[in-house]
There are 2 protein chains.
Amino acid sequence: MRRTSSHAQDHIMAERKRREKLSQRFIALSALVPGLKKMDKASVLGDAIKYLKQLQERVKSLEEQMKETTVESVVFIKKSQLSADDETSSCDENFDGCREDAVRDIEARVSDKNVLIRIHCKKQKGFVAKVLGEIEEHHLSVVNSSVLPFGKHAMDITVVAQMGDELQVTVKDLVNNLRLAFLKFM
Amino acid sequence: MRRTSSHAQDHIMAERKRREKLSQRFIALSALVPGLKKMDKASVLGDAIKYLKQLQERVKSLEEQMKETTVESVVFIKKSQLSADDETSSCDENFDGCREDAVRDIEARVSDKNVLIRIHCKKQKGFVAKVLGEIEEHHLSVVNSSVLPFGKHAMDITVVAQMGDELQVTVKDLVNNLRLAFLKFM
DNA sequence: AGGTACACGTGATGC
DNA sequence: TGCATCACGTGTACC
């Protein structure tokens, strides 16, 4: 074997190239980590690890926050036929056959697992209990509720409920279900 | 010099320790990068770099999206007005400089002397008191109120108030006044 | 001086 | 067998 066999030289060159590649990536990595004081290899790795962890945390936090701030809402405004009533303007669908004069307005909004339900209706004895019962029969657990009298004949019900993990319902379906359910006792 | 001088041995041990530290950090880093096929040092660095870049992109995108959705939800003022008004009231026009990211929805309805105000907004310290105070400064006497937490960051305020005999306000003016008033502390 | 950090060449190992 | 990767000891430079 010659002292400088071609194989040995290739080996040296290959290793040199490998080191060069690693060195380049260290530089590239250190360029991505902000506030890097030590350009030490160990420090670059350590700070990159810390930075990466806190980035992951931030992404997770932001994604959760996104879920919660993304609220879809649907409003169904019925025909209001009471005397001193205000707006008959707005909204979407007309439920042709429904002659319900008690519930004027059902609104729901869903955010993550939370559901907010607003009902504007005439005062009716036992209506609140039925509403809450109906809500809970829809696999929603009521976590809070409020009933405010509005004038002599109207009231405003606000319910916050939570969905189970298994079902994810759209707002429209939810409102439809609730409306159909409420029609039963009117 | 002895063949195995203590200095040389220290050098060897120090270098050995340094390599060990680097090796550990490589392992730690590779544990953070998901979907890592090659456990190659160069591949670990390369994939970590790619992953870190896309994490940064994602954070930036999410942060932008957060601000956009909060701004976008401003536009969500209810259409509550008397007839014979513009029917395109859902789109709130320019409140250019004021960045209202807290209140997502204000709704009001008037019946005789009674006023029902619904506010859907982010949780803010002292916000409820300010809202009630502002309402009362508009010549409305609060007769009932309810604050329901909705998820971690949102809340739903419902207020029933009564107007004095002297003034009769339209729903639109009321909502506009309240919205302008709420802008002060946001 | 003593400590730290790096690049280099080299032998070994695994596909 | 080549080819790629690794750990090791060593020389060296910088504070």
Side-chain angles (χ1 to χ4, degrees), chain A residues 1-68 70 112 165, chain B residues 1-68 152:
Chain A
M1 298 278 267
R2 275 199 306 271
R3 294 183 39 176
T4 57
S5 82
S6 57
H7 291 164
Q9 287 299 335
D10 288 354
H11 186 34
I12 291 179
M13 291 307 290
E15 179 68 12
R16 208 174 288 187
K17 205 169 78 178
R18 169 180 166 270
R19 276 198 299 265
E20 180 62 24
K21 186 165 65 180
L22 279 179
S23 214
Q24 256 180 331
R25 305 217 165 162
F26 264 104
I27 294 176
L29 179 60
S30 64
L32 292 179
V33 180
L36 202 57
K37 180 68 187 301
K38 302 281 201 178
M39 288 300 277
D40 211 351
K41 279 189 181 179
S43 302
V44 168
L45 278 185
D47 289 355
I49 289 174
K50 278 191 289 184
Y51 180 57
L52 210 154
K53 279 182 183 173
Q54 85 185 41
L55 266 189
Q56 286 176 333
E57 287 292 329
R58 179 147 189 78
V59 165
K60 203 173 74 178
S61 165
L62 281 177
E63 279 176 345
E64 280 185 11
Q65 213 168 344
M66 273 296 295
K67 269 191 180 178
E68 290 183 357
T70 306
D112 202 13
D165 288 341
Chain B
M1 299 280 267
R2 278 198 304 270
R3 294 183 41 165
T4 57
S5 80
S6 57
H7 293 163
Q9 287 299 334
D10 288 354
H11 186 34
I12 291 179
M13 292 307 290
E15 178 67 13
R16 208 174 288 189
K17 205 170 78 178
R18 170 180 166 272
R19 276 197 301 264
E20 180 62 26
K21 186 164 64 180
L22 279 178
S23 211
Q24 260 180 333
R25 306 218 164 159
F26 264 103
I27 294 176
L29 179 60
S30 63
L32 292 179
V33 181
L36 201 57
K37 177 76 185 302
K38 304 280 204 177
M39 288 301 276
D40 206 351
K41 278 188 181 179
S43 302
V44 168
L45 278 186
D47 289 354
I49 289 174
K50 278 192 289 185
Y51 180 57
L52 211 155
K53 279 182 183 174
Q54 85 185 41
L55 267 189
Q56 286 176 334
E57 287 289 330
R58 180 146 188 78
V59 165
K60 204 173 73 178
S61 165
L62 281 177
E63 281 174 346
E64 282 184 9
Q65 209 169 345
M66 276 295 293
K67 298 204 170 175
E68 279 188 7
K152 288 176 193 158

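Hydrogens, waters and symmetry mates play no part in the numbers below; they use all other heavy atoms, side chains included. Letters go in sequence order (proteins before strands), and every chain restarts at 1. Nothing here was measured: the structure is a model prediction, and the numbers come from that model.
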Rounded to the Å, how far apart are [X] [atom1] and [N] [atom2]?
X: A/K38; N: C/dA5; atom1: NZ; atom2: C1'; answer: 11 Å
X: B/E15; N: C/dA5; atom1: CD; atom2: C1'; answer: 8 Å
X: A/Q9; N: C/dG11; atom1: CD; atom2: P; answer: 13 Å
X: B/L45; N: D/dT5; atom1: CG; atom2: P; answer: 13 Å
X: B/D10; N: C/dT4; atom1: CG; atom2: C1'; answer: 13 Å
X: B/E20; N: D/dC8; atom1: CD; atom2: C1'; answer: 13 Å
X: A/L22; N: C/dC6; atom1: CG; atom2: C1'; answer: 13 Å
X: A/M39; N: C/dA5; atom1: CE; atom2: P; answer: 14 Å

(message) So that I can tick it off, tell me whether A/E63 and A/K60 are bridged by a salt bridge, with the cut-off set at under 4.0 angstrom between side-chain N and carboxylate O.
(response) no
(message) One thing to verify: whether B/R19 and B/E15 come together as a salt bridge, which I'm taking to mean a side-chain N less than 4.0 angstrom from a carboxylate O.
(response) yes
(request) Would you indicate which nucleotide in D/dT5, D/dG9, D/dT12 comes nearest to any side-chain atom of B/H11? (result) D/dT12
(request) Among the candidates D/dG9, D/dA7, C/dC8, find the nucleotide nearest to the side-chain atoms of B/I12. (result) D/dG9
(message) Would you say that B/V59 contacts A/L55 through its side chain, given a criterion of any heavy-atom pair below 4.5 Å between the two side chains?
(response) yes
(request) Output the distance between atom CG (A/L22) and atom NZ (A/K41), rounded to the nearest 0.5 Å. (result) 7.0 Å
(message) To the nearest 0.5 Å, what is the distance between CG on A/L29 and CG on B/L29?
(response) 7.0 Å
Any [X] side-chain nitrogen or oxygen under 4.0 Å from OP1 or OP2 of [N]:
X: B/R18; N: C/dC6; value: yes
X: A/K41; N: C/dA7; value: yes
X: B/R16; N: D/dC8; value: no

(message) Can you say whether a donor on the side chain of B/R19 sits under 3.5 Å from an acceptor on the base of D/dG9, or the other way round?
(response) yes
